[in-house]
Amino acid sequence: MTRTALLFLVAASLSAEPRLFFSKSFPGSTPAYVEIVVEKDGSGVYKEDPKDEAPLKFKLAEADTAAMFDLAEKLDRFKRPIESGLKVAKMGEKTFRWEEGDSKSEQKFNYSIDENAKALLEWFERISESEQYLVALERTVKFDRLGVNQAILHIEAAWDRKRLVAVEQFIPLLERVVKNSGYLNMARERARYLVETFRGPGKAE
């Protein structure tokens with residue numbers, strides 16, 4: 001087999017790896033649109049505009065990724081309806097989609113009573129919240145030094161409520177706060193605590 005043919009087969013194999021797609025459109029809410037893609041290796045992207053060409057990138061823990069794909073498998077890779085059909089308030093049109101090479105299967109729903117669907121939706125909501133906290137922290141670090149402490153408080157509270165995922169993405173910004181005396185001391189101390197917590201015991205800088 002030639003080198004070119006081998007590279008083609010490797011590329012084809014990688015492109016065939018499954019991915020999970022989620023979107024939520026809810027005009028009038030903030031954000032009004034969310035789109036998330038999670039790859040089998042845990043890497044992912046987050047958008048608040050389907051035309052965004054520079055989305056936020058994150059990396060989920062292996063266990064978190066496995067949990068999400070396991071739920072998708074339990075939902076038959078979205079080949080069966082998950083909409084409850086109940087008369088409930090509009091909660092935004094949501095889409096689950098399994099993509100694998102040229103194969104795609106998806107379900108759209110407003111509200112589901114399927115426990116696996118609710119659990120998977122919760123994962124995507126946690127990703128969305130985490131990225132929004134990251135955006136808020138980046139904005140305050142750059143443009144609103146007095147607001148940094150409040151942004152970090154929100155992150156700490158979300159962590160305590162087990163709402164954060166891919167926490168390593170917060171570390172560079174938090175370290176920037178820790179090392180800069182221009183920020184409030186309380187913000188720097190909270191940032192230091194979160195860096196140590198997110199790194200985990202025994203993990204030095």
Side-chain angles (χ1 to χ4, degrees), residues 20 22-38 42-49 52 55-68 71 89-92 94 111-112 115-205:
L20 301 179
F22 168 79
S23 68
K24 178 179 178 181
S25 178
F26 197 178
S29 64
T30 303
Y33 178 85
V34 165
E35 180 179 309
I36 298 168
V37 174
V38 176
S43 59
V45 295
Y46 170 87
K47 299 180 180 181
E48 293 184 359
D49 185 332
D52 185 0
L56 292 176
K57 297 180 180 181
F58 59 87
K59 178 79 171 184
L60 294 176
E62 184 176 346
D64 294 347
T65 307
M68 294 183 71
L71 288 167
K90 291 295 183 181
M91 302 177 183
K94 294 170 279 288
Y111 177 71
S112 179
E115 292 301 322
N116 292 315
K118 291 196 291 186
L120 183 57
L121 176 60
E122 182 72 2
W123 275 108
F124 282 116
E125 294 286 5
R126 288 173 63 194
I127 293 173
S128 178
E129 290 176 30
S130 297
E131 299 313 299
Q132 290 172 49
Y133 286 126
L134 181 66
V135 169
L137 178 61
E138 183 175 28
R139 178 184 58 78
T140 56
V141 165
K142 290 182 177 179
F143 307 115
D144 180 17
R145 289 193 173 188
L146 292 178
V148 167
N149 187 60
Q150 190 67 28
I152 294 176
L153 273 173
H154 289 158
I155 293 169
E156 185 176 357
W159 171 255
D160 291 340
R161 299 195 315 273
K162 302 185 185 305
R163 300 301 300 172
L164 292 186
V165 296
V167 294
E168 289 82 2
Q169 64 187 324
F170 291 92
I171 292 177
L173 284 170
L174 291 171
E175 287 186 325
R176 182 171 168 180
V177 175
V178 171
K179 297 173 181 178
N180 192 327
S181 61
Y183 298 105
L184 296 174
N185 285 336
M186 66 179 72
R188 296 173 67 200
E189 287 305 312
R190 287 194 173 98
R192 189 189 310 277
Y193 162 75
L194 287 178
V195 168
E196 293 172 354
T197 301
F198 293 167
R199 278 213 172 97
K203 294 183 179 179
E205 182 178 350

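Owing to the predicted nature of the structure, the values given are computational and were not obtained by experimental measurement.
Looking at heavy atoms from C-beta onward, Met68 lies out of side-chain contact with Val165 at the 4.5 angstrom threshold. Looking only at side-chain heavy atoms (C-beta outward), Arg188 and Ser181 come within less than 4.5 Å of each other. For the pair Leu174/Tyr193, no side-chain contact is recorded, criterion being any heavy-atom separation below 4.5 Å from C-beta on. Phe170 is listed as a side-chain neighbour of Leu164, based on a closest heavy-atom distance under 4.5 Å. Residues Glu131 and Val34 form no side-chain contact, since every pair of their non-hydrogen atoms from C-beta on lies 4.5 Å or further apart.
Once rounded to the nearest 0.5 Å, the distance linking NZ of Lys142 with CG of Asp144 reads 14.0 Å. Here the straight-line distance linking atom CZ of Phe22 with atom OH of Tyr46 works out to 10.0 Å at 0.5 Å rounding. Put simply, NE2 on His154 and CG on Asn149 are 10.0 Å apart, with the number rounded to the nearest 0.5 Å. In this structure, the separation between OG1 on Thr65 and CG on Leu20 is 9.0 Å, given to the nearest 0.5 Å. To the nearest 0.5 Å, atoms CD1 (Ile36) and CZ (Arg126) are separated by 12.0 Å.
Residues meeting the ring pair (Phe, Tyr, Trp, His ring centres under 6.0 Å) test with Trp159, sequence neighbours left out: Phe198. Arg163 is linked by a salt bridge (Lys or Arg N to Asp or Glu O under 4.0 Å) to Glu122, Glu129, counting only residues two or more places apart in sequence or in another chain.
Judged by distance alone, the side chains of Glu48 and Gln132 never bring a donor and an acceptor atom under 3.5 Å apart.
Remark: the backbone N or O of Phe124 is not paired with any side-chain donor or acceptor of Ser128 at under 3.5 angstrom. Under the 3.5 Å distance criterion, the side-chain polar atoms of Tyr33 are left unmatched by any main-chain donor or acceptor of Lys47. Between the Lys57 side chain and the Pro55 main chain, no donor and acceptor come within less than 3.5 Å of each other.
Each of Val167, Leu194, Leu173 was scored for a side-chain contact (heavy atoms from CB on, under 4.5 Å) with Ile155, with one residue passing: Leu194.
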Next on the checklist: For a side-chain contact (heavy atoms from CB on, under 4.5 Å) check, start with the C-alpha distance between Gln169 and Leu56, then their side-chain angles and the critical distance, and finish with the verdict.
Outcome noted: CA-CA 10 Å; Gln169 64 187 324; Leu56 292 176; 6.0 Å; no
